[in-house]
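Residue numbers start at 1 and run along the sequence shown. Order of appearance sets the numbers: ligands from 1, and atoms from 1 within every ligand.
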Amino acid sequence: MKNFEKNVILITGAGMGLGLATAWEAAALGAKLVLVDYNEEALQKAKSDLTKDYSGLEVLIIKADVSKEEEVKAYVNETIEKFGQIDGFYNNAGIEGKQASITEYDIDIFKKVVDINLMGVYYGLRYVLPHMQERKYGRIVNVASVGGIRGVMNQMPYVASKHAVSGMTKNTALEYAQYGITSNAIAPGAILTPMVAEAFKQVNPADPQAAEKDYAQANPAKRLGLPAEVAKVVCFLLSKDCSYVNGQTIAIDGGQSNSYGNV
Ligand code: NAD
C-alpha cells in the first residue's frame, strides 16, 4: 500500500515551486490532493498536468489568498465538504518581498510580507487544527526558511515572518501533540524555484546567472537545491511515520546553515 493511500493532503501555494513539487510527490504516494493558490491559471495547469500522469487522481483546486481570513476559512470548509478530512496540511504559501535595508524598507511591502507569511500560516492553523483535533490525527508542515533560523541581509520582514513561523510551529506542537497531531517546519536554503529566480534578478539585475553561481559556490554542496529534494522531506513529515518528531524546524540547505562563513 502506498504511504498516502486514503490520505487527503492540502497544499497552499501549490501552483508552482515547492508546493507544486510536493503535490507531485504526494500524488506518487497515492494521496487525494487539495491545491490552493491565488494564481488560478497555475492551479488549472497543475491539475491538468497531474491528472495526465496519474489517471484517477482526485484533485480539488481552490483559488484563495492565504492572507485573507475568510478565504482560508472557505478553503478549509470546501476541503471538508469534498473529502471529509485533512490528513496532511502543507502550509507553504509565502512571498519574499523586496530586498532593501532596514531603514529603507517600504512599509506597505513589509506589512504584505507579514500578512502572507505570518498571518496566512496562522489562519491556516486556526481553521485546520479543529478538524485534526476532532479526528485525533494530523500532520502539519509549515514553511519557514534559513531566514527563519538566522538573519539574511536586506530581508528583514521575510526573516521576521519566517522566525514567527518557526515559533508558531513550536507552539502548535506544545498545544496539539496530545491530539495525535505533529507540527514541524522546514527551513529551505536556496532552492531553484520561480521565487529564487526572481531574487537573483534583484541581487544582480545585470547578470542574475552570476548571482546564482555565487550562491551555489557559497554552499558546501556547491549547488542549489531542487524542489523535488524538499518534497521528499515534506512528504515524510506529512506521513503517519512522522509520529514523534514534533515542533522542529528542519533545515534543507545542503548543510549551509552550519557554516560560520563561506566554505
Ligand atoms: P514560488 O514563488 O515559486 O511559489 C509560491 C506559490 O505560492 C506561487 O504559486 C504563488 O502564487 C503562491 N502564493 C504566494 N502568495 C500567496 C497567497 N497570499 N495566497 C495564495 N497563494 C500564494 O515560491 P517557492 O520558492 O515555491 O516558495 C514556497 C515557500 O517556500 C514560501 O513560503 C517561501 O518563503 C519558502 N522558501 C522558499 C525557498 C526557496 O529557495 N525557494 C527558501 C526558503 C523558503
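Protein residues lining ligand 1, listed by chain and number: G13, G15, M16, G17, L18, D37, Y38, N39, A64, D65, V66, N92, A93, G94, I95, I116, V143, A144, S145, Y158, K162, P188, G189, A190, I191, T193, P194, M195, V196 [non-hydrogen atoms, distance under 4.0 Å].
Looking at I252 and E229, their side chains never come closer than 4.5 Å, going by heavy atoms from C-beta outward. In this structure, the side chains of D214 and N204 stay at 4.5 Å or more apart for every pair of heavy atoms. Using a 4.5 Å heavy-atom cutoff, the side chains of L43 and K47 are not in contact. Inter-residue side-chain proximity for N77 and Y127 is flagged as unmet; no heavy-atom pair is nearer than 4.5 Å.
Judged purely by distance below 3.5 Å, without hydrogens or angles, the side chains of K240 and N3 pair a donor atom with an acceptor atom.
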Can you list, pair by pair, the side-chain donor-acceptor contacts under 3.5 Å of residues 183-196, counting residues two or more places apart and other chains?
unit_1: S183; atom_1: OG; unit_2: T169; atom_2: O; d: 3.0
unit_1: N184; atom_1: OD1; unit_2: G247; atom_2: N; d: 3.2
unit_1: N184; atom_1: OD1; unit_2: Q248; atom_2: N; d: 2.9
unit_1: N184; atom_1: ND2; unit_2: V245; atom_2: O; d: 2.8
unit_1: T193; atom_1: OG1; unit_2: M195; atom_2: N; d: 3.3

